[in-house]
Amino acid sequence: MSDTMRRNILLNPGPATTTDSVKYAQVVPDICPREKEFASIMTPLRSDLVRVVHGDTDEYTTVLFCGSGTICMDVVLNSLLDNDKRALVINNGSYSQRACDVLDAYGMPYIELRQPVDALPDLDVIEEALRNNPDVGYVYMTFHETGSGLLNPAREVGALAHSYNTLFITDTTSAYAMIPINVYEDNIDFCMASAQKGIQGMTGLSYVIGRRDIIEASRSYPVRSYYCNLYMQYKYFEQTGEMHFTPPVQTIYAARQALDEYFAEGEQAKWERHQRVMAAIRSGIDRLGFKEALDRRVQSGLVAAVRYPNDPSWDFEKIHDYCYEHGFTIYPGKMQGQGTFRLCALGAIDEGDIVNFWKVFECALERAGVETPVIY
Ligand SMILES: *Cc1c(COP(=O)(O)O)cnc(C)c1O
């Protein structure tokens, strides 16, 4: 094994750049995951994942799943709705649209509140929907819309949900272990994430973090999926300490290492590092005259959705390929009707990586014949 692995800087919205120590943590002797030795790393892993969002482990628990982040959306959406209830989804981006698609796939009833993709949702509209629909079983909102970079007002929407006696579920996949989150202060009953994003681990392990009493209560709800059922997976963990079906063994070793590195770096220091990275991203955007799709005041600070310039020489594929060959991955946007590309501040990267990125990016623009500062 080479001890100088090439370091790629991923500016896509996950999987993120990882440390070599996390990569190598996967290289372990073969082990059957049903051995006690393996089960003994699962229990602390689950409670540490609750600690990241400051939950009390008597009240909150982590349920692990083998899959990408979408599996957790599927699990919470399908498992936490009783028969006579409807879901309420705030749809203001591609990930909340995905939640609607999941509910459609199950044929589950829901109220869709469409809101603009580039501005904060209207709390009055959400409150009115709650007032008019006492049969809402949960409110679902994406914490950070990764397609646009919009940071939603989770705390406020969670408070509204609670004042109408319903649950608040938020998809924190692209914020967890990056933006500090506190399940009590942020009024979160359920959130979720994936090891490939905030904790800077590997793909294939995802987790739902939420209230035990509600999971227990969901035992009597309709079982809409066999593999993706929250209560069944929870119960198996509580009884055996293990995942019901084969876990992603090596990914779990990497997640353990990644979490140790997370706690060593510290919540605040890590968030400051992400902010440093975004400041460096923005300084290049401004210097080259690029414009973003969203006002910075409503952005998370983790994703910049940059508008394509109006230059006939602009060719995203060409720019991407040049950057990729030089170790930097940029990613197309996910905003309907608008040409954007994304630069994200996730992963084990720092300011200096972005300084190097802009040098390469400028070369790419020059080779493509794109005028700078760019024109709109
Ligand atoms: C990445 C992400 C997911 C999961 O996407 P996968 O492609 O399944 O990994 C879900 N929600 C949000 C907000 C995300 O950023």
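Quick caveat: nothing in here was measured; it's all calculated off a predicted structure. We use all heavy atoms of the structure for the numbers below, so side chains are in, but hydrogens, waters and symmetry mates are not. Counting starts at 1 for both ligands and their atoms, in listed order.
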task: Tell me which part of H144 gets within contact of ligand 1: side chain, backbone, both or neither, using heavy atoms under 4.0 Å.
output: backbone
- prompt: Quick one: which ligand 1 atoms are inside 4.0 Å of a heavy atom on S68?
  reply: 6 (P), 8 (O), 9 (O)
- prompt: Of all the non-hydrogen atoms in the protein, which one sits nearest to atom 1 (C) of ligand 1, and at what distance?
  reply: K197 NZ, 1.4 Å
message: Please work out, at 4.0 Å between heavy atoms, whether the side chain, the backbone, both, or neither of D171 comes within that distance of ligand 1.
response: side chain
- request: Answer yes or no: is there a side-chain heavy-atom contact under 4.5 Å between E216 and Y231?
  value: yes
query: For the residue pair Y324 and H320, does the interplanar ring angle fall in the parallel (under 30°), tilted (30 to 60°) or perpendicular (over 60°) class?
result: parallel
- prompt: Quick one: which ligand 1 atoms are inside 4.0 Å of a heavy atom on Q196?
  reply: 9 (O)
message: Going by side-chain hydrogen bond (donor to acceptor under 3.5 Å, both in side chains), R7 matches just one of T19, D353, T17, T18. Which one?
response: D353
field: SB check R98 D104 (cutoff 4.0 Å)
entry: no
- request: Any chance you could measure C323, atom SG, to K318, atom NZ, to the nearest 0.5 Å?
  value: 13.5 Å
statement: protein heavy-atom neighbour closest to atom 7 (O) of ligand 1 works out as R98 NH1, 3.9 Å
- prompt: What are the two closest non-hydrogen atoms of C228 and S225, and how far apart are they?
  reply: N-OG, 3.0 Å
- line: Note: ligand 1 atoms sitting under 4.0 Å from heavy atoms of S174 are 13 (C), 15 (O)
- prompt: For atom 15 (O) of ligand 1, which protein heavy atom lies nearest, and how many Å away is it?
  reply: T146 OG1, 2.5 Å
